[in-house]
Amino acid sequence: MKILRIFLILVLLCASTGSARAQDPVAWLSYRDQYRAMLWFEKYAQPKHLIQNHLQVQGDFSKLRLSLVGKSMRLELPLDDSGRIVLPLLKAQYDDNAELHLNQKLDRLSLKPRVSIVQRPDGNYELSDLRAACQQVQDYQNWRDASVLRGKKCSGVRFVFSKKAVVSAPQLRKADQSLTAWPLQDGVAFWGDQPDSKPDSKPDSKPDNKPENKQGDFLVATFNFASLPDKGQVLTRSAPVAIAAWFE
């Protein structure tokens with residue numbers, strides 16, 4: 001009987017160990033490293049009220065699950081359709097050396113801070129605010145790393161929509177209250193994801209036939225400031241996944 005008890009205990013221990021291993025992450029990243037990267041935006045002292053900072057997963061993130069795991073907590077971090085997450089800046093977890101757990105290998109994934117323009121709940125965007133927001137993105141990026149946009153200037157903004165939803169094209173409302181629907185095209189969400197991308201300058205411009213990269217499965221409407229009036233609004237009935245600054 002004693003031998004049988006020992007055998008049963010060993011079986012239970014093995015089953016428990018196997019269950020724990022099944023929950024182990026396929027890969028993990030240091031939360032401290034990502035925390036430090038995101039902290040740059042928090043420390044930036046210039047105007048940034050029109051922009052925001054996320055952590056973005058680049059690569060095939062369609063089935064990715066990401067969790068912040070510490071000694072006494074586990075927090076699931078949902079991704080939006082562009083692969084971005086809101087990374088909480090938790091000093092206690094930083095001190096605790098928490099980890100970011102992924103259910104996929106890292107060989108085809110990367111994480112980077114991504115600055116974008118804040119979406120408005122009412123879907124109405126003054127052109128003056130979009131110009132100011134684009135400039136805020138450029139000013140922050142030049143402060144963070146001037147080499148990224150060297151020789152570039154803010155030329156417009158891109159409204160990014162998911163192909164998973166029924167989407168209405170945004171509209172440009174001029175000062176005389178006339179409305180112009182802005183065409184939606186296939187494209188990448190953020191400047192730099194496809195080096196040869198250029199913003200559409202006119203509503204009747206046609207999409208090119210260049211192949212999109214892995215980050216390019218979106219419907220986008222790009223508003224080039226040079227072709228827009230000084231005053232007006234961009235109106236959206238469908239909520240954009242993101243609004244990105246564009247540079248030339």
Side-chain angles (χ1 to χ4, degrees), residues 38 40-41 44 47-59 61 79-87 110-121 123-145 148-149 152-165 167 169-172 182-201 203 205 207-208 210 212-228 233-236 238-248:
M38 299 296 285
W40 283 94
F41 188 79
Y44 181 62
K48 57 181 178 182
H49 61 288
L50 297 173
I51 61 177
Q52 59 192 345
N53 195 29
H54 291 87
L55 187 66
Q56 187 191 27
V57 179
Q58 295 189 305
F61 52 81
L79 285 74
D80 71 9
D81 287 338
S82 68
R84 296 177 303 172
I85 64 169
V86 175
L87 184 72
S110 63
L111 277 74
K112 65 177 291 185
R114 176 69 79 179
V115 178
S116 62
I117 297 169
V118 175
Q119 295 102 312
R120 288 182 55 88
N124 298 341
Y125 301 84
E126 294 289 341
L127 292 180
S128 57
D129 287 341
L130 292 174
R131 288 187 173 95
C134 195
Q135 190 60 51
Q136 285 185 13
V137 174
Q138 181 165 5
D139 291 344
Y140 172 74
Q141 184 57 66
N142 286 339
W143 175 80
R144 182 71 175 85
D145 183 356
V148 175
L149 295 177
K152 304 290 184 183
K153 66 176 183 179
C154 185
S155 62
V157 291
R158 171 166 285 193
F159 283 73
V160 182
F161 300 92
S162 172
K163 288 184 176 179
K164 299 177 183 178
V167 176
Q171 295 178 308
L172 173 67
W182 222 256
L184 290 168
Q185 301 175 315
D186 291 344
V188 296
F190 298 100
W191 181 87
D193 283 351
Q194 183 176 335
D196 292 331
S197 322
K198 291 185 178 180
D200 312 318
S201 59
S205 61
D208 58 36
K210 295 179 181 178
E212 302 291 353
N213 66 11
K214 293 180 180 179
Q215 299 292 118
D217 198 20
F218 299 97
L219 292 173
V220 301
T222 307
F223 292 81
N224 190 332
F225 293 146
S227 65
L228 300 178
Q233 290 179 313
V234 172
L235 309 179
T236 60
S238 301
V241 173
I243 307 173
W246 214 254
F247 304 93
E248 284 188 312

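Taking the side chain as every heavy atom from C-beta outward, Asp129 and Ile117 never approach each other to under 4.5 Å. The shortest distance between side-chain heavy atoms of Ile85 and His54 does not fall below 4.5 Å. You'll find the side chain of Ile243 stays beyond 4.5 Å of the side chain of Phe223, heavy atoms only. Between Trp191 and Leu149, some side-chain heavy-atom pair lies under the 4.5 Å cut-off. Counting heavy atoms from C-beta on, the side chains of Gln141 and Val115 never come closer than 4.5 Å. Counting heavy atoms from C-beta on, the side chains of Leu50 and Cys134 never come closer than 4.5 Å. Side-chain atoms of Thr222 and Val157, non-hydrogen and from C-beta on, never get closer than 4.5 Å to each other. Using a 4.5 Å heavy-atom cutoff, the side chains of Phe190 and Ser82 are in contact.
Between Tyr140 and Trp143, the ring planes are tilted. Angles from 30° to 60° get that label.
Considering all non-hydrogen atoms of both residues, Trp182 and Leu172 come closest at CZ3-CD2, 3.6 Å. Nearest heavy-atom pair, Glu248 versus Ser155, reported as atom, atom and distance to 0.1 Å: CG-OG, 3.5 Å. Considering every non-hydrogen atom in both Val160 and Ala189, the closest pair reads CG2-O, 3.4 Å. Minimum interatomic distance between Leu219 and Lys163 (heavy atoms only, all atoms of both residues): CG-CG, 3.8 Å. Residues Phe161 and Ser238 come closest through the heavy atom pair CE2-O, 3.2 Å.
Residues meeting the side-chain hydrogen bond (donor to acceptor under 3.5 Å, both in side chains) test with Gln233, sequence neighbours left out: Glu126, Arg173. Residues meeting the side-chain hydrogen bond (donor to acceptor under 3.5 Å, both in side chains) test with Gln52, sequence neighbours left out: Ser116, Gln119. Among residues two or more places apart in sequence or in another chain, the side-chain hydrogen bond (donor to acceptor under 3.5 Å, both in side chains) test is passed with Asn53 by none.
To the nearest 0.5 Å, atoms SG (Cys154) and CH2 (Trp246) are separated by 11.5 Å. Note that CZ of Phe225 and CG of Leu127 are 7.5 Å apart. Values are rounded to the nearest 0.5 Å. How far CD of Gln138 is from NZ of Lys152: 11.0 Å, rounded to the nearest 0.5 Å.
Of the possible donor and acceptor atoms, one in the side chain of Thr236 sits under 3.5 Å from a partner among the backbone N and O of Gly123. Judged purely by atom type and a 3.5 angstrom limit, Tyr125 has no side-chain atom pairing as donor or acceptor with the backbone of Leu130.
Cation-pi contact between Arg144 and Tyr44: absent, since separation from the ring centre below 6.0 Å together with deviation from the ring axis within 45° is not met.
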